[in-house]
Amino acid sequence: MGAPRNFAWSFIDVAVLSEDRVYLTAAHDGSSSKNIPASSVLRWNGKWASRSFGIAAVSLCVVTHPERYGADTGS
């Protein structure tokens, strides 16, 4: 299944840590075409969450060691 034509985001990178932990980085097409940095990181850990940033993300890096504080809480 593809994204709808009016979907305004382009996926930049993905990191799959397990079947229930996935991270995606996306850039907003409208902002990118105007040279305005706007990116979002999306997280799947049983439900979707996202956070936007005023940067032009070009890749994604997930640090798994040492395990971060609160990692077992899903935060």
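For this chain, numbers begin at 1 and follow the sequence in order.
When atom types are taken as modelled, the side chain of Ser40 and the backbone of Arg51 share a donor-acceptor pair closer than 3.5 angstrom.
Transitive grouping of hydrophobic side chains (ILVMFWY, heavy atoms separated by less than 4.5 Å) keeps Val58 and Val63 in distinct clusters. Taking hydrophobic clusters as Ile, Leu, Val, Met, Phe, Trp and Tyr residues chained together by side-chain heavy-atom distances below 4.5 Å, Trp44 shares a cluster with Phe11.
Every side-chain contact (heavy atoms from CB on, under 4.5 Å) that Ser59 has, sequence neighbours left out, goes to Asp13.
Arg43 places none of its side-chain heavy atoms less than 4.5 Å from the side chain of Val41.
For the residue pair Val62 and Ala15, the shortest heavy atom distance occurs at CG2-CB, 3.8 Å. Of all heavy-atom pairs between Trp9 and Ser39, the closest is CZ3-C, 4.3 Å.
With Leu24 as the partner, the side-chain contact (heavy atoms from CB on, under 4.5 Å) test is satisfied by one option alone out of Leu42, Leu60, Val16: Leu42.
Heavy-atom contacts from other residues, nucleotides or ligands closer than 6.0 Å to CG of Asp20 number more than 12.
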